[in-house]
Amino acid sequence: MTAPGPDTDGLADARVRTAQLRRIRRLDDAERVARQALASWPDDAGLLCELAAVLLAAERWAEALPVADTAVAADPPGERGHRLRGLLLSMTDRHQEALAAAWVAVTLAPEEPCTGIAYTRVLQRAGRVRDAAQAAHRVVTLAPSSADAHYLLADVAGDLGDLPTARRAYEETLRLAPEHAAARHDLAVLDANARRPGRALRGLIDAGRLAPAMTQVRSTVVAVLWQLSGRTRLWFVLATIAVLMTADNPSAARIVGGVVLALTGLLGWWTLRGLPRGSWPVLAATLRTDRPLTVVHAVLAVCLLVLVAVVVTGVGALAILVWFALIVLGLLTIVVRLARRRRRTRR
Amino acid sequence: MTDDSLLTSLLAAVAAAPDDVPLRLHVAELLAAADRPADALAHCSHVLAAEPGNPTALALLQRLTGALTGGAAPHPRTANEPPTGPLPAAGFDWAKAEQQVADVREPAFAEDAGSSPTEDVRTAERPMIRLSDVGGMDEVKQRLELAFLGPVRNPDMARRFGATARGGLLLYGPPGCGKTFIARAVAGELGARFVEIGIADVLDMWVGSSERNLAEIFRTARRNAPCVLFLDEVDALGRKRSHLTHSGSLRNTVNQLLSEMDSATGANDGVFVLGATNHPWDLDSALRRPGRFDRMLLVLPPDGPARAAILRQHLKDRPVAELDVAKLVKATEHYSGADLAHVCDTAAERALAASMRSGTVRALTTRDLLAAAREVTPSTGPWFAAARNVALFGNTDGSYDDLAAYLKRHRNL
């Protein structure tokens with residue numbers, strides 16, 4: 001009929017236990033503890049918020065939303081309920097309501113960085129990136145020594161296209177929390193987008209070592225290797241033109257072929273010179289996980305061998321084989337890109 | 001309307017509008033009149049929680065308390081009304097006062113609250129199962145013998161060859177593949193008590209209590225040696241401290257675990273610490289240092305013979321017509337023990353449905369089980385997706401060589 005006796009220890013224990021289990025990602029256990037406790041204290045806003053937070057972490061947004069609603073109804077002046085409600089509404093793409101809820105949370109606790117982070121995320125997801133950037137700057141002012149605050153600013157600045165701010169903020173995040181794998185990964189993505197594949201690969205390998213189970217690291221490494229293969233193909237096109245121009249003269253073909261090989265080696269060393277020790281087996285293994293990429297690199301290796309054959313035989317016309325190979329690779333790249341885009345849109 | 005039905009309707013109304021104070025007070029009055037003071041008191045408390053100074057509720061509370069403690073219910077008195085009864089005697093009636101508070105629960109100190117976490121250690125039994133009871137998994141058993149059981153059984157010989165019986169053993173692998181069963185079998189081999197410790201046995205809301213619980217568990221284990229202390233899902237207790245920046249209490253628990261591991265395994269006093277985890281990469285690196293969990297053993301999904309044994313076990317009490325075990329074993333590569341049980345259950349459900357339709361018992365066939373295997377996807381898939389990444393990026397010190405070799409063998413790397 002009503003709640004049992006006021007066993008406040010039991011209630012506090014359930015709240016703390018749920019929060020601890022959530023922090024160590026024991027989400028099923030955390031949910032069980034919260035639900036068991038809610039059977040005794042069904043109107044406790046703190047407990048409802050804990051359950052909503054667990055379900056939010058488990059990405060069960062539709063189930064979490066009514067729980068957050070109940071938490072807000074049980075304790076209207078409580079900031080956390082509104083904050084969670086805002087995040088959950090945002091995750092279910094109800095952006096206007098999400099903004100209203102997150103705004104209530106911010107007005108209730110304007111000095112609380114967590115609330116500012118939530119409000120920024122809601123703005124970001126609603127597409128109001130400029131406002132989100134302003135909010136993120138405010139969060140950094142509130143919590144200048146919080147790695148999460150700087151990571152948020154970096155993320156929003158990246159979305160806004162403000163790459164210098166994003167880079168600075170990622171670097172600050174890593175200064176404050178050197179094991180922040182997500183920041184390391186995202187900084188590497190910035191490097192890749194800035195056409196610095198060597199730095200990007202170094203960052204990605206670091207991120208992979210910090211959080212080996214972070215599956216997106218492998219896919220980003222694959223993307224960077226595709227980018228590198230594109231560069232190499234472009235270089236081979238130019239190199240082949242140079243070799244073919246000297247096809248009539250075997251000595252000249254030998255010299256140009258040799259210079260091309262030397263420059264290829266030099267460029268490769270220059271690009272990948274900063275890779276940490278033990279990176280090569282990682283890159284080779286990652287390469288093998290993507291079949292089309294393996295084929296592309298195998299063909300590029302064959303192209304190199306053709307250039308070696310030009311140097312050895314002096315027959316510059318052999319370089320035409322490189323062109324054929326590059327045309328085949330171009331077609332393969334287009335097919336793979338189309339197929340993957342189609343698969344992504346289907347998902 | 002009778003009193004009961006009136007009360008039922010009013011209680012329903014209270015349930016629909018829990019914050020309606022006058023209604024709740026009215027219900028409380030009716031319950032008190034119906035000689036249900038405990039129920040009335042609950043409603044009264046609810047009202048006072050919402051409006052702490054509500055005079056009607058206070059008066060009713062006074063009346064109800066009197067009724068519940070057996071004394072005559074004092075007449076409700078307004079604030080301005082002067083006391084009419086005699087003043088209390090100078091000598092206070094302690095006996096009566098104590099009687100009144102006899103049912104009040106005594107406040108407990110943090111360490112006394114709840115049942116003791118060491119209860120399980122004291123009452124632990126010595127498992128009767130041995131490694132020979134584990135079906136298949138010959139490679140795991142061999143490695144277990146070489147890396148753990150051998151040095152523990154022959155410490156002197158191990159010392160001569162530079163090996164040591166110190167340190168704990170970490171079993172890792174996808175969920176549902178029998179890590180706990182193997183740990184029990186290890187305890188059986190050593191003739192030691194088996195104590196399974198989970199996160200729930202340790203976590204406590206009071207500052208410092210989780211650490212104390214952990215210390216007490218290890219202390220009791222030492223007192224009850226020989227003992228296999230099995231830390232299930234050890235990544236929950238020993239999570240990377242860099243991931244616990246917001247929780248000082250959990251960080252301290254990891255520190256305590258490190259210190260306990262040092263003292264438990266360093267002294268080699270008959271406490272064998274075994275851990276199991278699905279995510280060894282989430283463990284704090286300090287836990288993997290020598291003397292702690294310095295030996296790791298990959299427990300993979302059951303191999304062919306193990307799958308055959310598990311399938312036979314799950315089908316032994318069910319009607320089975322003909323069974324091509326080899327075909328089933330081939331179709332269930334990467335399935336965990338739990339997945340195999342699920343396959344058998346699904347096939348049994350299907351056969352049961354067919355039997356009910358026909359009215360006669362239709363025994364399970366290979367076809368039923370193959371169809372069920374196609375329906376049930378192995379739950380180990382997401383684990384292997386993460387494991388592939390780990391083998392790629394996280395194997396800098398060769399800790400995951402076994403895993404990498406397995407993945408290569410199955411063309412996943």
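Below, chains carry the letters A, B, ... as their sequence lines are ordered, and counting in each starts from 1. Values in this document were obtained by computation on a predicted structure and should not be read as measured data.
Between atom OG1 of residue A:T289 and atom CG of residue B:N389 there is a gap of 9.0 Å, rounded to the nearest 0.5 Å. Rounding to the nearest 0.5 Å gives a distance of 8.0 Å between CD1 of A:I24 and CG of B:D235.
With chain B as the partner, the residue from A:R277, A:R25, A:R23 showing the most heavy-atom pairs under 4.5 Å is A:R23. Between chain B and the residues A:V16, A:T215, A:L210, the most heavy-atom pairs under 4.5 angstrom are made by A:T215.
With a 4.5 angstrom heavy-atom cutoff, A:V221 touches chain B only via side-chain atoms. B:L250 touches chain A through its side chain: at least one heavy atom from C-beta onward sits under 4.5 Å away, while N, CA, C and O do not. Both the backbone and the side chain of B:A200 come within contact range of chain A, each with at least one heavy atom under 4.5 Å from a heavy atom of that chain. Contact of A:D148 with chain B is made through the side chain alone, with heavy-atom distances under 4.5 Å. Heavy atoms closer than 4.5 Å to chain B are found in the side chain of A:R26, but not in its backbone.
Residues B:L392 and A:V282 approach most closely at O-CG2, 3.3 Å, considering heavy atoms. When all heavy atoms of B:F393 and A:R209 are compared, the pair lying nearest together is O-CG, 3.2 Å. When all heavy atoms are compared, the tightest approach of B:A386 to A:A213 is CB-CB, 4.2 Å.
Heavy atoms from other residues, nucleotides or ligands lying under 6.0 Å from CG of B:D401 number more than 12. Heavy atoms from other residues, nucleotides or ligands lying under 6.0 Å from CZ of A:R291 number 12 at most.
Proximity to chain B among residues 173-184 of chain A is limited to A:E179, judged by heavy-atom separations below 4.5 angstrom.
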